[in-house]
Amino acid sequence: MAPVVEALLHALSGVPGADRAAIERLLDTAGGTGWDLAIPVHRFAAAAKKAPNDFATELAASLPDTPGVARRFAVGAYVNFEADPAWLAERTLAMVTALGDRYGCAAPTGRTVCVEHTSANPNAPFHIGRVRNALLGDTLARIERAAGHTVTTQYYVDDIGRQSAMVTWIWSKPREAWPPEIAATLEGGAETEERADHWLGRPYPAVAAYVKSHPEAAAELGELGDRLERGEDLPAHRRFCEAILGGMLESLRRVHVTFDEFVWESSLIHDGSVDAVIGRLRSAPHFVREENGALAIDTKSYGLPKEDERAVFLRGNGTSLYPTRDVAYHLQKFGRFERVVDVLGQDHLLHARTLEALLAEIGESRRPEFLLYQYITLPGGGRMSTRKGTVVWLDTLLDEAIDRARAEVVRRHPELPAGEAEQIAVAVASGAIRYHIVRVAADKAVAFQWEDALSFEGRSGPFVQYAYARATSLLRKAEAEGVATSAAPKGTELSTPGERDLLRVLARFPSVVAAAARTAHVHSIAGYGHDLAEAFNRFYQSTPVLKSDSERASRLALVAASRQVLANTLEMLGLERLDRM
RNA sequence: GGGCGCGUCGCACAGCAUGGACCAGUGCCCCGGAUUCCUAAUCCGGUUGACGUGGGUUCAAAUCCCACCGCGCCCGCCA
């Protein structure tokens with residue numbers, strides 16, 4: 001592309017507006033036309049006061065020869081550049097081979113990025129309404145790493161506040177003292193058989209309902225919340241939180257989501273950083289004191305869509321609120337990272353704006369970047385809510401996916417040992433779920449559908465995994481038969497339409513990754529994975545490799561490169577690579 | 001009421017940032033085909049569209065602007 005830009009720049013010198021930026025913006029890979037690069041010239045023709053079609057014809061004729069460009073010609077008001085296919089093939093394969101795992105990745109930038117995601121309260125098992133945050137965040141972190149940054153992922157654990165206190169509140173009471181409607185939730189379960197998050201989280205919805213209609217219980221709970229914030233009762237509470245969090249993380253590990261660091265909300269209170277924030281907010285420009293002693297910031301000048309136009313940061317009873325602690329958390333992050341990214345449900349938008357306002361009030365100029373996403377709703381519509389009990393657990397979905405995948409594996413490969421079949425089933429299941437969630441743009445609401453989530457065909461994770469398995473098994477066979485792969489594949493031997501299409505998709509990968517990082521469009525990597533797998537499958541179906549003669553070594557090199565790029569794509573999406581499936 | 005987001009074949013999505021060959025691409029569904037040949041979780045062919053509505057800007061609008069309609073979310077001394 002760069003040489004073509006230079007050629008155009010040279011040929012268009014003297015035309016007003018024909019600068020490098022304009023050319024780069026207009027020059028694009030031509031869609032279904034079959035040409036590799038194309039540029040519309042209307043704009044330049046107008047500037048030169050000529051008819052667009054004539055201008056294009058003249059421009060095409062006046063362009064200097066460019067390495068890698070086989071042909072250049074005008075069609076209507078467009079100038080097309082057809083790449084020399086052999087040149088493109090050899091260059092692409094050489095690049096993939098040389099870079100290997102790093103193909104598609106940018107050179108290290110040295111910039112540090114913190115991606116905070118998931119951060120679900122440790123009070124119940126992980127449900128699929130929450131999994132979008134985890135998958136978006138985890139995949140974004142992988143993309144940012146590929147973009148050359150040094151990435152740290154953080155999980156902010158909320159162990160302060162009433163929601164978090166509910167579990168401790170109920171479990172700290174002797175079982176005989178539990179209200180019957182809460183105790184009933186334990187029936188049919190077995191402590192020794194269920195994972196901690198499932199077992200300890202069982203009464204949570206009932207507790208939430210109970211305290212709504214029982215003021216004395218609500219008061220007790222509020223008191224516990226305050227004690228926790230003051231640092232009392234913390235060890236017991238921490239044990240419950242850790243037990244449940246441990247279970248939730250187990251669910252997340254099943255879909256290959258892990259974290260570099262955990263930041264406990266209580267630690268920000270106990271190390272004094274929340275107090276420091278409160279002190280700074282007290283002397284902020286728009287500080288106001290409410291009647292009962294609560295402290296707030298007047299947010300009129302920030303244009304928040306809040307009716308009362310103020311953000312309370314300290315309750316009348318002297319305890320802090322979530323936004324206040326979040327300011328402390330962000331100051332901590334700003335101190336360690338150059339960029340700070342928060343993955344948030346779009347219902348937290350107002351909170352994000354409030355956070356920005358509070359940061360401005362204390363004179364902090366840095367801001368986090370927000371990746372906002374819409375929720376996954378129930379099949380009939382409506383939010384999943386742990387408190388309302390309207391959820392599908394991630395574990396339930398995974399178990400179902402594994403069952404279906406296992407059935408498929410056994411049907412296809414009855415000879416496989418059970419252990420290997422199971423391993424494949426697990427990989428296919430998690431791949432299907434990850435891909436299904438991440439393939440849709442974050443700002444699109446998604447209604448959960450079992451059949452869609454569990455699809456192993458078409459635009460799915462297993463589709464991409466399958467292409468990789470095919471490539472792997474082909475190369476395995478080549479090795480077993482002692483067939484050599486060319487170290488210097490000849491572009492002229494890779495000239496079928498299927499090969500050229502595949503080569504083009506391979507060549508596209510680095511710019512797809514760069515664009516995904518720039519826009520935080522995580523779903524575009526999923527889209528690329530499908531395109532690549534599709535191109536490979538078409539090639540595979542239409543072109544013999546091991547059974548070919550003179551082209552065999554070159555074709556094997558193409559297969560090896562495809563396998564490499566499929567591997568890099570799968571890694572970026574967090575899907576397992578399977579040698580067979 | 002105010003704010004944010006979304007609205008594209010029957011269903012589910014991509015394309016919108018930077019308008020350009022888009023009489024719009026993909027998957028599912030439906031119909032028909034491909035396995036003596038490297039894995040048929042695949043491939044090939046067929047059917048399916050007022051890009052929510054109306055206006056505007058432009059040589060050019062799914063893409064930008066305005067208004068309206070529909071849906072979702074938010075507007076707590078919850079998180």
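Since this is a predicted model, take the numbers as computed values, not measurements. Every chain is numbered from 1, with letters handed out A, B, ... down the list of sequences.
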query: Once each nucleotide of nucleotides 73-79 of chain B is scored for protein heavy atoms under 4.0 Å, what B/S/- sequence comes out, 5' to 3'?
result: BSB-BBB

message: Using a 4.0 Å heavy-atom cut-off, does Val440(A) contact any base of the nucleic acid, only the sugar-phosphate backbone, or nothing at all?
response: sugar-phosphate

message: Tell me the interatomic distance from Arg552(A), atom CZ, to C37(B), atom C1', rounded to whole angstroms.
response: 15 Å

Distance in angstrom units between His523(A) NE2 and A12(B) C1', rounded: 14 Å

message: Taking the cut-offs as 6.0 angstrom to the six-membered ring centre and 45 degrees off its axis, would you call Arg383(A) and Tyr375(A) a cation-pi pair?
response: yes

field: Phosphate OP1/OP2 of G72(B) contacted by Lys444(A) side-chain N/O (<4.0 Å)
entry: no

task: Determine the interatomic distance between C1' on G5(B) and the same-named atom on C30(B); round to the nearest Å.
output: 34 Å

- prompt: So what does Val428(A) touch, heavy atoms closer than 4.0 Å: a base, only the sugar-phosphate, or nothing?
  reply: base

Nearest-Å distance for atom pair CD1/P, residues Ile525(A) and G15(B): 12 Å

message: Assess, by modelled atom type and distance only, whether the side chains of Glu493(A) and Ser550(A) contain a donor and an acceptor separated by less than 3.5 Å.
response: no

message: Could you check, using the six-membered ring where one of them is a Trp, whether Tyr78(A) and His42(A) have ring centers closer than 6.0 angstrom?
response: yes

task: Using the P atom on both, measure G54(B) against C69(B) and round to a whole Å.
output: 15 Å

query: Rounding to the closest angstrom, what is the interatomic distance between C51(B) and A24(B) at atom C1'?
result: 8 Å

query: Are Phe44(A) and Phe55(A) an aromatic pair by the rule of ring centers under 6.0 Å?
result: no

- prompt: For the side chain of Leu546(A), counting heavy atoms from C-beta on, which of U39(B), C38(B), G5(B) is nearest?
  reply: C38(B)

message: Quick one about Thr496(A) and Glu499(A) (side-chain donor to acceptor, distance below 3.5 Å, no hydrogens or angles considered), yes or no?
response: yes

message: Mind checking if Tyr78(A) touches a base, just sugar-phosphate, or nothing, with heavy atoms under 4.0 Å?
response: base

Pairing pattern in dot-bracket form [Watson-Crick, G-U; both distances under 3.5 Å; | = partner strand] for RNA chain B: (((((((..((((......[....)))).(((((.......))))).....(((((..]....))))))))))))....

- request: Specify the separation, in whole Å, of atom CD1 of Ile376(A) and atom C1' of A12(B).
  value: 14 Å

- request: Would you mind reading off the distance between Arg25(A) atom CZ and U63(B) atom P, rounded to a whole angstrom?
  value: 18 Å

Pairwise P distance, U48(B) and C9(B) [rounded to whole Å]: 15 Å

- prompt: Within the structure shown, what part of the strands sits under 4.0 Å from Thr299(A) by heavy-atom distance: base, sugar-phosphate, or nothing?
  reply: nothing

task: Name the nucleic acid region contacted by Leu26(A), choosing base, sugar-phosphate or nothing; use a 4.0 angstrom heavy-atom cut-off, strictly under.
output: base

Distance, P atom - from A67(B) to G27(B), rounded to whole angstrom: 39 Å

field: Pairwise C1' distance, A62(B) and G52(B) [rounded to whole Å]
entry: 12 Å

message: Taking C13(B) as the reference, what is the distance to G32(B) when you measure between their P atoms (whole Å, please)?
response: 29 Å

query: Using the benzene-type ring in the case of Trp, are the ring centres of Tyr435(A) and His530(A) under 6.0 Å apart?
result: no

- prompt: Taking only side-chain nitrogens and oxygens of Tyr540(A), does any of them come within less than 4.0 Å of OP1 or OP2 of U39(B)?
  reply: yes

task: Provide, to the nearest angstrom, the distance between the CD atom belonging to Gln541(A) and the P atom belonging to C44(B).
output: 8 Å

task: Whole angstrom is fine here: how far is it from CZ in Phe55(A) over to P in A21(B)?
output: 19 Å

statement: On RNA chain B, more 5' by nearest nucleotide between Phe463(A) and Asp579(A) is Asp579(A)

- prompt: For the base of U26(B), is there a side-chain donor-acceptor partner from Arg459(A) under 3.5 Å away?
  reply: yes

message: Against the six-membered ring of Phe73(A), is Arg71(A) placed for a cation-pi contact (under 6.0 Å from the centre, within 45° of the normal)?
response: yes

field: Sugar-phosphate only, base, or nothing, as touched by Ala441(A) at under 4.0 Å among non-hydrogen atoms
entry: sugar-phosphate

message: If you count heavy atoms of other groups shown closer than 6.0 angstrom to CD of Glu479(A), is the number above 12?
response: no

- prompt: Is the shortest side-chain N/O distance from Ser473(A) to OP1 or OP2 of C38(B) below 4.0 Å?
  reply: no

message: Rounding to an integer number of angstrom, what distance separates U47(B) and C31(B) when you compare their C1' atoms?
response: 8 Å

- request: Name the closest nucleotide to the Lys477(A) side chain, picking from A21(B), A40(B), C38(B).
  value: C38(B)

message: Between the base of A21(B) and the side chain of Asn80(A), is there a donor and acceptor pair under 3.5 angstrom?
response: yes

- prompt: Below 4.0 angstrom from OP1 or OP2 of G25(B), is there any side-chain N or O of His530(A)?
  reply: no

query: How are the rings of His214(A) and Tyr210(A) set relative to one another: parallel (under 30°), tilted (30 to 60°) or perpendicular (over 60°)?
result: parallel

query: Are side-chain N/O atoms of Thr139(A) and Arg434(A) paired as donor and acceptor at under 3.5 Å?
result: yes

- request: Give the rounded distance in Å between these two atoms: CZ of Arg476(A) and P of U39(B).
  value: 8 Å

- prompt: According to the interplanar angle, ranging from 0 to 90°, do the rings of His521(A) and His523(A) count as parallel (below 30°), tilted (30 to 60°) or perpendicular (above 60°)?
  reply: tilted

message: I'd like to know if Arg518(A) reaches the base of U18(B) with its side chain such that a donor and an acceptor end up less than 3.5 angstrom apart.
response: yes

query: If you pin Lys547(A) and Ser524(A) to their nearest nucleotides in RNA chain B, which one's is more 5'?
result: Ser524(A)

task: Check the side chains of Gln163(A) and Asn121(A) for a donor-acceptor pair under 3.5 angstrom, ignoring hydrogens and angles.
output: yes

